[in-house]
Amino acid sequence: MRNKISRLFILSMALFGLTLQAQESTKKSPEFLQYTNSKWVDSIMKELTPKERIAQLIMVAAYSNRDNEHKEEILKLINEQKIGGLIFFQGDPETQLKLMNDYQSASEVPLLGAIDAEWGLGMRLDNTISYPYQMALGAIRDDSLVYDLGQEVARQIKRTGLHLNFAPVVDVNNNPNNPVINYRSFGENKGNVSAKGIAYMRGMQDANLLTTAKHFPGHGDTDTDSHYALPQINHPFERLDSLEMYPFKELIDAGIGGVMVAHLNIPALDSTGVPSTLSKSIITGILKDSLGFEGLIVTDAMNMKGVTKGNEPGIVDKDAILAGNDLLEFTEDVPKAIEEVSKVIKQGLISQKQLDERVRKILAVKQWVGLNQFKAQSPKNILKEINTADAKFLNRKLVEASLTVLKNENSILPIRKLDTLKIASISFGASKQTEFQKTLNLYTEVKNFQLKADAKASDIAKIKEKLSAYNLIIGGIHDDSRFPRNTMKFSKPVQDFIAELAEKEHTIFSYFKNPYSLNKLDKIENAAGLILTYQDTKTTQDLAAQLIFGGVGANGRLPVSIGEKFKSGDGMDVKGKIRFKYTLPEDAGMNSEKLFGGVDSLMQEAIKKKATPGGQILVAKDGKIVLHKAYGYHEYSDTIKVKKTDLYDLASVTKISSALPALMKLHDEGKFKLDAGIDDYLPYFKNSNKAGVPFRQILTHQARFKPWIPYWKNTLRKNGSYKWFTFKKDSSSRFPIKVSEDLWLHRNYQKKMFKAIKKSELEDEAKYKYSGLVFYLLPSIVEEISGEDFRKYINENFYDKLGATTLGYNPLEHFEKSRIVPTEHDYFFRKKPIHGMVHDEGAIMMGGVSANAGLFSNANDLAKLMQMYLNMGEYAGERYIEEETLKEWSTAQFPDNDNRRGIGFDKPYLEYKGESSNTAKDASKASFGHTGFTGIYAWVDPEEDLLYLFLSNRVLPSRENTRLYSLNTRTNIQQVLYDAIEY
């Protein structure tokens, strides 16, 4: 029996040995260890005195936002104590780099520079990017994005002259009340924490930046902040080994260069009660011996109360070295620390050889990061080189990938059928319109309310009363703190109001706070839609709003449990890309610098040379709006800056934006035919010279029609006064058509206009000649065919569904005059500046409603219609026009007759004619659109999936201003778009 037990023991030990051997074979050692005995390290070691060797293990705190006295203190430590490194805290990149250059110049041995940049340089430095906190990263399902983050963070840190990032945090946060880790953790799932930690670490170390996994042996299950006291963790060894220490084991096996030790009291690992930073049992016994970690062991900051309480500076540093640490972070008394470590060497508590091995590690790290060949970097352009377009785009990608949808009842997300909805939004915890609300309003009209965190019942009652008019409520729950703490500062009435709204059938919430705090809100889990963003920034607000309308999708998964409401791993996929995505050019394969630089300079030139007082430009590629800007002023002498929400007179772009989509839809329904003539729909024209002329020829401008008729001139007598049956100064039942505030047209005058069109002579030859005559008739034709009012028809079938709420006629009926950009000073017809009414004389005599001109819009809303065209008749999952119809109508019909025109649409010249062409050189033959007399340009290119809008009021103060044409501003800008595309 004894022999059997012995054999089993030997077999089990052999199997254990094989397992251990297998583990060792897959384990990756830190790369810098290859340099511990290099020639460079040997040469430095020979030059260092025993005390200077100790100093190599010390890293002191440095700041780039302090005065010269602080700099002199650091230089003194470098010159007199020969410290080995610096950890930088608050400041800015340029100053930090200048200081680091100076410090390196003063140091005989290159200094190791470190920083706490868990979420990028923005954690410490001004004017830099803060990437999502690790809790948000834990929601991301694509670990390659976290690797990319590591690469980018490394690039930025190295550009500021540093070499070591005290990151990633790989504590498993399984305590919602953890005040110090919490949102800094990847979550509660040890596998996810490990995977994300490895991806982040590899990204940084592959870019030659050393990293440290922190805070060993695990700081996740504590409700005490070690900055202020010593936390105690009372779990048994088995639990600590299988959970808290699991990610550290994984990162050690993956080859992490460093591990940072926490200030914790863990009786199961060391019963003496000393902080883990000072525990030989934990650092040497577990981290080094049991886990086999050979890399750099770093203390957490040695000024934290968790380690300093009851321990003197210098002495506590000595104890940390005795425990097995290699690098002391934030030593408070450097001379004392060196003195104390020297004593224990003399006492034999640590040998010189053991200490030298640690010094060699430090020096090996310095060689690995390239300090053996140190060259000072120039601070020139440092901000530009840190805050690149790619760096900003990565931030948006990370935020987008982290968006987590926890509720989506009846697929309320993304919102569809905008024409059936009246939408209101409430930003809880805000006192003014939020970025969230601004983005919501890009998609359709949303009524915005704000409710402060401490709002009273009376404040809420006022909003409740107004909400009764709306059938969809969107709530943004905001955070007023810099960091997403697990707190709930909303008053009881506000919390009750949120709970009440959550019980309603059509309420969507976007939660911009710490996910744990969701558990403090009653009934929030009952909301029809619930989005979690993990923190409150402009980017999270922007992308959450886009998610609601389908500009972006979501596939994040909750990295922590939220009481009984939601569990770790919860989340659902939501489809995006059904409407515009508002993003950066890089998201669509375009170069930001080329795009913005080129467009801005050309637009500034146009404004400077008074080609236009200002304008709006919008560019979309692949369904993504990559440039949407407002430039200049309403008028040259004005102080009112153009806003992206302002409305412009679209002039002839009305032709492709009003009756044309209506005719295409009616064509799809078999109610409008291109081989029919005007007389088929308006019998009044049966006996005219225009009877029987097919619409295919009319809409391609080769029907022999006259270009235009100056209707207003026929209202004047020879002496310049108006004929009695034309205009009056006041409105009446006989003169109901408003042309200006003191000019009202006779109710029957439109019949005279139709008669003038009917009787107008035809051109001699059927060739291309632009004519606007038929477009005065098209609204009547649409009404005749559809049986509906023209404006109602296009609103219900197009604009309302698209969410194009500013696209329409007679804007003063719906918008403040201050939002409408003025046009010409009309000194020959209306005798006054034109502001808020259509510029075109014929259109205003039609009551402002014509298919020739009359539409107003901002660029954003016009873009929705144009994108529908670019999508060949579809937008937001709804088909407006059949694909074949749009393809036919946007194709040149009579090129053999030297006619470039499509059916209603303009097309590029059949042969490019240089600066006199109507498009950029690189615009494809498949492209189409239209221009407008007031300086409008609307164009799409299916081959590049490219949309371009240029809105201006070049006719101010006079239509004689043709500088916009002579400068070729619009087509030159269009060429910039093609130049910015990177294949």
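Just so it is clear, the values below take in all heavy atoms, side chains as well, and ignore hydrogens, waters and symmetry mates.
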Residue pair [X] / [Y]: nearest heavy atoms and the distance that separates them:
| X | Y | answer |
| --- | --- | --- |
| Leu666 | Ser786 | CD2-CB, 4.5 Å |
| Asn953 | His634 | ND2-O, 3.0 Å |
| Ile617 | Tyr631 | CD1-CE1, 3.9 Å |
| Lys665 | Tyr793 | CD-OH, 3.4 Å |
| Lys643 | Ala630 | C-CB, 3.7 Å |
| Ala430 | Gln450 | O-CB, 3.3 Å |

Using atom types as modelled and distance alone, determine if a side-chain donor or acceptor of [X] lies under 3.5 Å from a backbone N or O of [Y].
| X | Y | answer |
| --- | --- | --- |
| Ser402 | Ala139 | no |
| Asn441 | Val446 | yes |
| Glu400 | Leu543 | no |

Check: residues 517-524 side-chain donor-acceptor pairs under 3.5 Å, at least two apart:
from: Ser517; atom 1: OG; to: Tyr511; atom 2: OH; distance (Å): 2.7
from: Ser517; atom 1: OG; to: Asn514; atom 2: O; distance (Å): 2.6

Do NZ/NE/NH1/NH2 and the carboxylate oxygens of Lys489 and Asp480 come within less than 4.0 Å?
-> yes
Salt bridge between Lys452 and Asp459, side-chain N to carboxylate O under 4.0 Å?
-> no
Ring-plane angle category for [X] and [Y], please: parallel below 30°, perpendicular beyond 60°, tilted otherwise.
| X | Y | answer |
| --- | --- | --- |
| Tyr869 | Phe905 | perpendicular |
| Tyr133 | Phe483 | tilted |
| Tyr470 | Phe449 | perpendicular |
| Tyr937 | Trp939 | parallel |
| Phe436 | His478 | perpendicular |

Side chains of Thr934 and Asp649: is there a donor and an acceptor less than 3.5 Å apart?
-> no
Residue from Arg482, Lys513, Gln541 passing side-chain hydrogen bond (donor to acceptor under 3.5 Å, both in side chains) with Asp536 | Gln541
Selection residues 641-668 - residue pairs positive for ring pair (Phe, Tyr, Trp, His ring centres under 6.0 Å), sequence neighbours left out | His667-Trp889
Ring pair (Phe, Tyr, Trp, His ring centres under 6.0 Å): pairs with one or both residues in residues 517-561, sequence neighbours excluded = Tyr443-Phe549
Option from Asp840, Val838, Leu855 for which side-chain contact (heavy atoms from CB on, under 4.5 Å) with Thr654 holds = Leu855
If a pair satisfies side-chain hydrogen bond (donor to acceptor under 3.5 Å, both in side chains) and one of its residues is in residues 550-567, list it, with sequence neighbours excluded.
-> Glu188-Ser561, Glu525-Lys565, Arg557-Asp573
Side-chain contact test, heavy atoms from C-beta onward, threshold under 4.5 Å: evaluate it for Leu530 versus Phe566 and give yes or no.
-> yes
Step through the shown structure and confirm whether more than 12 heavy atoms of other residues, nucleotides or ligands are within 6.0 Å of NZ on Lys447.
-> no
Partner residues of Tyr799 under the side-chain hydrogen bond (donor to acceptor under 3.5 Å, both in side chains) criterion, sequence neighbours left out = none
Counterpart residues, side-chain contact (heavy atoms from CB on, under 4.5 Å), relative to Glu813 (two or more places apart) | Arg791, Asn810
Could you walk me through whether Arg396 and Asp587 pass the salt bridge (charged side-chain N to carboxylate O under 4.0 Å, His left out) check?
-> CA-CA 9 Å; Arg396 292 186 70 85; Asp587 198 5; over 6 Å; no
